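Quantities reported herein were computed from a predicted structural model and do not represent experimental measurements. Every chain is numbered from 1 and lettered A, B, ... according to where its sequence line falls, protein lines coming before strand lines.
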Number of protein chains: 2
Amino acid sequence: MMTVTIKDVARAAKVAPSTVSRVISDSPRISERTKEKVREAMQELGYHPNFNARSLANQSTKTIGVVMPNSANKTFQNPFFPEVIRGISTKAHQLEYGLYLSTGQSEEEIFEEVQHMVQGKRVDGIILLYSKADDQVMKYLHEQDFPFTVIGRPYDETLQNVTYVNNDNFKAAKTVTEYLLLLGHKRIAFIGGNLENVVTIDHMEGYHRALKNAGMEPNNDFIVFHEELQEGGQEAVIDLMSLNERPTAMIVADDIMTFGVMRMLSEMEIHVPDDISIISFNNVMISELSAPPMTTVDINIYSLGYEAANLLIDKILHPGAEAKKMLIPHKLMKRETCRRIASAQRAASEKSV
Amino acid sequence: MMTVTIKDVARAAKVAPSTVSRVISDSPRISERTKEKVREAMQELGYHPNFNARSLANQSTKTIGVVMPNSANKTFQNPFFPEVIRGISTKAHQLEYGLYLSTGQSEEEIFEEVQHMVQGKRVDGIILLYSKADDQVMKYLHEQDFPFTVIGRPYDETLQNVTYVNNDNFKAAKTVTEYLLLLGHKRIAFIGGNLENVVTIDHMEGYHRALKNAGMEPNNDFIVFHEELQEGGQEAVIDLMSLNERPTAMIVADDIMTFGVMRMLSEMEIHVPDDISIISFNNVMISELSAPPMTTVDINIYSLGYEAANLLIDKILHPGAEAKKMLIPHKLMKRETCRRIASAQRAASEKSV
DNA sequence: GTGAAAGCGCTAACAG
DNA sequence: CTGTTAGCGCTTTCAC
């Protein structure tokens, strides 16, 4: 398979290489006649532009780097990621960008990969699929003034001019807490993800705010954080159900974690929603398949990815432009894990005080 | 951020560019002294090799293309994929390869992307994350004699010399069927995935074989295929449970589908495993979180990815070598969705004959 | 409208 | 051991 270059096409079409190049980029300064001629030659010889040569001459790779979180963590297997990637990839494909995927088993590995991507000019821009406090990757990208967008939001206040796509996680958590309060729940537990993640912080603040607005003091016993998705959910339930006064409702950071929570609850023969209400976040594909199907907040994962790609490419094309911040709307998906607190249940939980 | 090139380094270290190049590749023909000198200069100037220039000069990109299945399909969100990718990425990282991710919303788009990857010399080799009958992508790669490996196996007999990593899906399905037979089940349904997928075919044949070995004729009413994961599982249950003689056990192609199956069963108040036994394939992360936790076949997804990358890179490095075929061992994970058929259950199902 | 030539940043053959 | 030189395949001034 001798590779056919622009020169071969030029020779076949009896024009100069530069002309062929112009035809490829569909320059208006070339006559229709020669365009035809050249295109025919390309067809016949089976010509395809060499990407690396192009990137080198152009100083542009037409590919965007996608940085996943630490793959050692089980979070990595969250169906959240295929879905964001689907969103990213749709937009990228429309604008003819490719995807370079970066994963790493540790913070250090991820950081190294990112450095290689930017220093080696492997990508034109980067999307961070996670956002956590004090992230050296984000800091680095920012210092280098390299185009990037983050899904979530920067935590550090000094990173003002960072483009990001996020949900209003504060509001979502607040609403969800209010919803449980309206259903008569007073003992509402909060099971958060890793406290380093900005989303966890935002969730917690929304939860706090709702309680305070209702004139209640957050009870620290009811607030637990867990890094690991399934195990975390299960451990959280053990802790919470060992309390003298058990919660009658729980807010869980992630649908997958909710599976763990429900699994443990069913082992303890605590029934959802009769004995306890649960409300979760994300609405990944399988979340409607829990037994019973979980009530959760749809955060529109696909759009997060799609818009992140959109904003990134915009930024690549207009390096001067100001940072954009975008909020994707969320939506409460009422299913079957929440119900008005029963008087018996209230009595039971109060008895144990 | 003026980009610093090999020439700058050469000037600073007072050597020729080629010497710098040799230092980068740690050539043994360079004295330790000049290596030191050059490395210092690189450090000071903050030099990082330009990837595209390297690829162009080298005719090698050090990146491998990963082709996902059709993203329009919900299968795309199966946690299977993050997990294979984790395997691939681990090996790739060890050997300093990068990952270029290709997704497409249709067969056509995928095919186009693959063509771009190979013709544009964007990657050194490709891993196909799916395997189906009459796949034009596989055919193309084979014709082009481009290095690739597939996860699963080629269906077409003419594609003899294709390197792949697979499970013994025939055997796994056979074993699983035998297991159910030993538990006393006679009416064993089979819920397969898309019949185009080679894995589905292999599963079905294993199932057939086990039944035949036991002197039983497969009943076509008990065999259904569904493309979509969750909906598929649910529809399959409806079909199966509408039969005059209901199955007492089901073999389900994929854990996610099993979630759909169990969800529908619970809606119908059919209890697992008391009323019906279920056994599934894959053992993705969340599969232990179903209620009750599902019995499934662990296919070692991570290893599939890891070995696929391994074999691919081997193939890239030794283009002449023969195709390798590798089987990853599987393992039955007994959990709580299978039980010996109860006499009452047998009576009930026989009554309905 | 089209061609000639220089150059993107790196590697590799050939000298010495 | 190290330098010189000629590309890798494409783009892009600058001429004409």
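Using a 4.0 Å cut-off on heavy atoms, none of the residues of residues 92-100 of chain A approach DNA chain C.
If you take NZ of B:Lys121 and P of D:dC10, they are 9 Å apart, rounded to a whole angstrom. The CZ atom of B:Phe51 sits 15 Å away from the C1' atom of D:dC8 (whole-angstrom rounding). For the pair B:Lys7 NZ and D:dG3 P, the interatomic distance rounds to 15 Å; values are reported in whole Å. Between A:Gln59 atom CD and D:dG9 atom C1' there is a gap of 15 Å when expressed in whole angstrom units. We find that NZ of B:Lys35 is positioned 10 Å from P of D:dC1, with the value rounded to whole Å.
Judged by the 6.0 Å and 45° rule, B:Arg153 forms no cation-pi pair with B:Tyr164.
The stretch residues 38-62 of chain B participates, sequence neighbours left out, in these salt bridge (charged side-chain N to carboxylate O under 4.0 Å, His left out) pairs: B:Asp26-B:Arg39. The list of salt bridge (charged side-chain N to carboxylate O under 4.0 Å, His left out) pairs with a residue in residues 102-113 of chain A, not counting sequence neighbours, reads A:Glu107-A:Lys132.
For B:Lys324, the salt bridge (Lys or Arg N to Asp or Glu O under 4.0 Å) partners two or more places apart in sequence, or in a different chain, are B:Asp314. The salt bridge (Lys or Arg N to Asp or Glu O under 4.0 Å) search around A:Lys325 returns none, not counting sequence neighbours. For A:Thr63, there are no side chain to side chain donor-acceptor pair (under 3.5 Å) partners at least two apart in sequence or on another chain. Contacts of B:Thr61 classified as side chain to side chain donor-acceptor pair (under 3.5 Å), with partners at least two apart in sequence or in another chain: B:Asp124. Listed by chain and number, the residues in a salt bridge (Lys or Arg N to Asp or Glu O under 4.0 Å) with A:Arg86 are A:Glu83 (sequence neighbours excluded). With sequence neighbours excluded, the residues satisfying side chain to side chain donor-acceptor pair (under 3.5 Å) with B:Ser303 are B:Asn300.
Enclosure of atom CD in A:Glu143 by more than 12 non-hydrogen atoms of other residues, nucleotides or ligands within 6.0 angstrom is indicated. The number of heavy-atom neighbours closer than 6.0 Å to OH of B:Tyr155, taken from other residues, nucleotides and ligands shown, is 12 or below. Heavy-atom neighbours of A:His116 NE2 from other residues, nucleotides or ligands within 6.0 Å: at or below the threshold of 12.
Summary for the helix from C:dG1-D:dC16 to C:dG16-D:dC1: the axes at its two ends, each from 5 pairs, differ by 40° when rounded to the nearest 10 degrees.
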Exercise. How would nucleotides 11-16 of chain D be written as a contact map, 5' to 3', with B for base contact, S for sugar-phosphate-only contact and - for no contact, using protein heavy atoms under 4.0 Å?
Worked result: BBBB--
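For the pair A:Ile88/A:Ile64, a side-chain contact is recorded, criterion being any heavy-atom separation below 4.5 Å from C-beta on.
With a heavy-atom cut-off of 4.0 Å to chain B, the contacted part of DNA chain C has its first and last nucleotide at C:dG9 to C:dC14.
Counting any heavy atom pair closer than 4.0 Å across all strands shown, A:Thr34 reaches sugar-phosphate atoms only and no base atom.
Residues B:Lys14 and A:Asn50 both approach DNA chain D. Their nearest nucleotides, taken by heavy-atom distance, put B:Lys14 toward the 5′ side.
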